[in-house]
Amino acid sequence: MLTISTADWINIVIASVAFIAAIIALFTVNEIKKQRLHSYHPDINMADFSFYVYQGDYDEEIKTNFLYTYRERKNEGDSIGGFNQLTMDINNIGFGVAKNIKWKWDFDFDKAEKVICENQEVWWRMKDNILSVDSKELNVEWTYDIEEDNEERSFNFILPYSNENRKTEIVVPSYFVDLYWLYMAGQLLVEKPKAIYINFPSIELSVFYTDIQSNKISKIFNIDLKFDMISGPGNKSKELGKFRFEITEKNK
């Protein structure tokens with residue numbers, strides 16, 4: 001018969017306590033490691049913003065209406081023309097560096113054609129990723145290279161917002177704002193419209209990036225256009241509207 005002495009029992013208890021302490025220590029180390037890795041986790045995000053839309057200065061040679069977008073409101077009499085593009089800030093609100101950032105745009109042109117051409121005379125033609133849109137009523141003749149506008153683009157990194165001292169911006173495709181204005185202004189041409197219907201598709205922005213451990217992260221944002229004020233090209237002012245982007249992260 002095996003007899004366990006008091007000393008043996010003490011050793012067994014000590015060994016058990018040491019074993020449990022080792023397990024707790026290992027668990028604690030793993031948790032600290034997880035927290036440390038999470039502290040390096042980047043988080044790409046964007047905020048809503050408003051901007052103004054203007055009709056470009058009249059050109060005898062190019063008589064079509066071109067739209068120009070500005071974050072700040074222009075003064076009456078200011079020149080509206082030249083190179084112009086609308087950009088939006090893209091921020092890293094996490095604590096780690098976002099690396100190898102890539103993004104691309106996606107837009108439902110079929111739905112846009114349907115809602116724009118439904119109640120107004122608009123000539124719409126898409127061929128080989130070149131979109132042409134004409135409207136005599138609104139005096140527009142626009143052409144877009146969709147493949148170029150929606151091409152995937154990239155930059156190397158974005159530092160955490162708390163450490164970043166420079167803006168990181170991406171260009172919004174001009175067709176999105178132009179077609180929205182065309183859709184809304186077309187409804188304003190209807191004599192005494194009972195209501196303005198907003199059924200314009202949102203644009204989708206897909207963003208892909210990695211953290212410092214090269215783990216892949218992706219996000220999709222839906223961007224809706226809303227207006228605070230809008231008018232057609234017939235008014236005396238060059239100001240055609242004040243729009244705003246409402247940005248929401250799409251659930252995967």
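From a predicted model like this one, the values you see are computed outputs, not experimental measurements. All heavy atoms count here, side chains included; hydrogens, waters and symmetry mates do not.
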Participant: Could you give the distance from CD (E151) to CG (N129), rounded to the nearest 0.5 Å?
Facilitator: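 E151 CD to N129 CG: 11.5 Å, rounded to 0.5 Å.
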Participant: When the ring centroid of F157 is compared with that of F155, is the distance short of 6.0 Å?
Facilitator: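 Not close enough - the centres of the two rings lie 6.0 Å or further apart.
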Participant: Give a yes or no on whether the backbone of V122 and the side-chain of S135 come within a donor-acceptor separation of less than 3.5 Å.
Facilitator: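 Pair absent, no side-chain N/O of S135 close to backbone of V122.
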Participant: Compare every heavy atom of A98 with every heavy atom of Y209, then report the nearest pair and how far apart it is.
Facilitator: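 Heavy atoms of Y209 and A98 come nearest at CD1-CB, 3.9 Å.
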Participant: Can you name the nearest heavy-atom pair linking M88 to I247, along with the distance?
Facilitator: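 Answer, listing the atom of M88 first, then I247: CE-CD1, 3.4 Å.
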Participant: Is there a side-chain contact between W123 and S132 (heavy atoms, below 4.5 Å)?
Facilitator: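 W123 vs S132: side chains touch.
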Participant: Using side-chain contact (heavy atoms from CB on, under 4.5 Å), reason through D134 and V140 one step at a time and then give a plain yes or no.
Facilitator: CA-CA 5 Å; D134 295 353; V140 299; 5.9 Å; no
Participant: Are any side-chain N or O atoms of N84 and backbone N or O atoms of T69, one a donor and one an acceptor, separated by less than 3.5 Å?
Facilitator: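 At least one qualifying donor-acceptor pair exists.
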Participant: Salt bridge or not between K238 and D57? Use side-chain N to carboxylate O under 4.0 Å.
Facilitator: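 Looking at D57 together with K238, the answer is yes, because their closest N to O distance falls below 4.0 Å.
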Participant: In Å and rounded to the nearest 0.5 Å, what is the CG to CZ distance from D48 to R244?
Facilitator: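 It comes to 8.5 Å.
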Participant: Are side-chain heavy atoms of L179 and L131 found at a separation under 4.5 Å?
Facilitator: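 Heavy-atom side-chain distance check passes, below 4.5 Å.
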Participant: With L240, which of N65, I230, L67 fulfils side chain to side chain contact (heavy atoms under 4.5 Å, CB included)?
Facilitator: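 With L240 as partner, N65, I230, L67 yield a single side chain to side chain contact (heavy atoms under 4.5 Å, CB included), made by L67.
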Participant: Please report the shortest heavy-atom distance between K104 and E152, naming the atom on each side.
Facilitator: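 In this case the closest contact between K104 and E152 is CB-CA, 4.1 Å.
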Participant: Roughly how far, to the nearest 0.5 Å, is the CZ atom of F176 from the CH2 atom of W105?
Facilitator: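 One gets 8.0 Å once the value is rounded to the nearest 0.5 Å.
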Participant: Which pair of non-hydrogen atoms, one from I223 and one from S202, has the smallest distance, and what is that distance?
Facilitator: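 Looks like O-CB, 3.2 Å.
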Participant: Where do K99 and D211 come nearest, in terms of heavy atoms and distance?
Facilitator: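 Nearest heavy atoms, K99 then D211: CD-O, 3.9 Å.
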Participant: Do Y70 and I80 have side chains that get closer than 4.5 Å, going by heavy atoms?
Facilitator: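 Sidechains of I80 and Y70: in contact.
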Participant: Taking all atoms of both residues into account, what is the closest heavy-atom pair of I90 and I170, and its distance?
Facilitator: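 Nearest pair, atom of I90 first, then I170: CG2-CG2, 4.2 Å.
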Participant: Would you check if the distance from the ring center of Y68 to the ring center of Y52 is below 6.0 Å?
Facilitator: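 Centroid distance Y68-Y52: not below 6.0 Å, so no.
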Participant: Give me the ring orientation class for F107 and F109: parallel if the planes are under 30° apart, tilted from 30 to 60°, perpendicular past 60°.
Facilitator: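 Geometry flag for F109 against F107: perpendicular rings.
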Participant: Take N215 and T210 through the side chain to side chain donor-acceptor pair (under 3.5 Å) test and state the conclusion after the steps.
Facilitator: CA-CA 5 Å; N215 296 311; T210 62; over 6 Å; no
Participant: Salt-bridged, R73 to E239, with N to O below 4.0 Å?
Facilitator: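 Yes, R73 and E239 are salt-bridged.
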Participant: Side chains of F227 and W181: does their closest heavy-atom pair fall under 4.5 Å?
Facilitator: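 No, every pair of side-chain atoms sits at 4.5 Å or beyond.
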Participant: Is any side-chain heavy atom of N91 closer than 4.5 Å to a side-chain heavy atom of T168?
Facilitator: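 They are not in side-chain contact.
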Participant: So do I146 and I130 actually touch side chain to side chain, heavy atoms under 4.5 Å?
Facilitator: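 When only atoms from C-beta onward are counted, I146 and I130 do not touch, as no gap falls below 4.5 Å.
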Participant: Is it true that L225 and F49 fall in one hydrophobic cluster, defined by side-chain heavy atoms closer than 4.5 Å?
Facilitator: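 They do share one cluster, since a chain of ILVMFWY contacts under 4.5 Å joins L225 to F49.
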Participant: Take V97 and I158 through the test side-chain contact (heavy atoms from CB on, under 4.5 Å) and record every step on the way to the result.
Facilitator: CA-CA 6 Å; V97 178; I158 303 178; over 6 Å; no
Participant: Please check: side-chain N/O of Y54 versus main-chain N/O of K74, any donor-acceptor pairing under 3.5 Å?
Facilitator: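 Judged by distance alone, yes, a pair lies under 3.5 Å.
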Participant: Report yes if the side chains of L205 and I220 come closer than 4.5 Å at any heavy-atom pair, otherwise no.
Facilitator: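 No, their side chains stay 4.5 Å or more apart.
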Participant: Quick one: does R71's side chain have a donor or acceptor within less than 3.5 Å of a partner on T87's backbone?
Facilitator: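 Side chain of R71 to backbone of T87, a donor-acceptor pair under 3.5 Å: yes, one is there.
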Participant: Taking the side chain as every heavy atom from C-beta outward, state whether W124 and I116 have any atom pair closer than 4.5 Å.
Facilitator: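 A side-chain contact exists here, since the closest heavy-atom pair is under 4.5 Å.
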Participant: Classify the side-chain pair Y183/N199 by whether it contains a donor and acceptor separated by less than 3.5 Å.
Facilitator: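 No, no side-chain donor-acceptor pair sits under 3.5 Å.
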Participant: How far does CG of D149 sit from CG of D145, to the nearest 0.5 angstrom?
Facilitator: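 Rounded to the nearest 0.5 Å, the CG-CG separation comes out at 6.5 Å.
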Participant: Closer than 3.5 angstrom, by distance alone: can the side chain of N139 be matched with the main-chain N or O of K136 as a donor-acceptor pair?
Facilitator: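 Side chain of N139 to backbone of K136: no pair is present.
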Participant: Whether the side chain of N92 engages the backbone of G96 through a donor-acceptor N/O pair (distance < 3.5 Å, no angle test) should be reported.
Facilitator: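 Checked: pair present.
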Participant: Taking a hydrophobic cluster as the set of Ile, Leu, Val, Met, Phe, Trp and Tyr residues connected by side-chain heavy atoms closer than 4.5 Å, whether directly or through intermediates, do I101 and I93 fall within one such cluster?
Facilitator: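 No; tracing contacts between hydrophobic side chains, which count when under 4.5 Å, never links both residues.
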Participant: To the nearest 0.5 Å, what is the distance between OG1 (T143) and CZ (R125)?
Facilitator: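 So the OG1 of T143 and the CZ of R125 are separated by 10.5 Å.
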Participant: Strictly by modelled atom types, are Y144 and N150 linked by a side-chain donor-acceptor pair under 3.5 Å?
Facilitator: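 Checked: Y144/N150 side chains show no N/O donor-acceptor pair below 3.5 Å.
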Participant: Consider only side-chain N and O atoms of S206 and D106, and report whether a donor and an acceptor are under 3.5 Å apart.
Facilitator: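 On atom types as modelled, these side chains do not qualify, holding no pair under 3.5 Å.
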Participant: Give the ring-plane orientation class for Y180 versus F200, where under 30° counts as parallel, over 60° as perpendicular and anything between as tilted.
Facilitator: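 Judged by the thresholds at 30° and 60°, the geometry between Y180 and F200 is perpendicular.
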Participant: How long is the straight-line distance from CD1 of I44 back to CZ of F221, given to the nearest 0.5 Å?
Facilitator: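 Between atom CZ of F221 and atom CD1 of I44 there are 7.5 Å.
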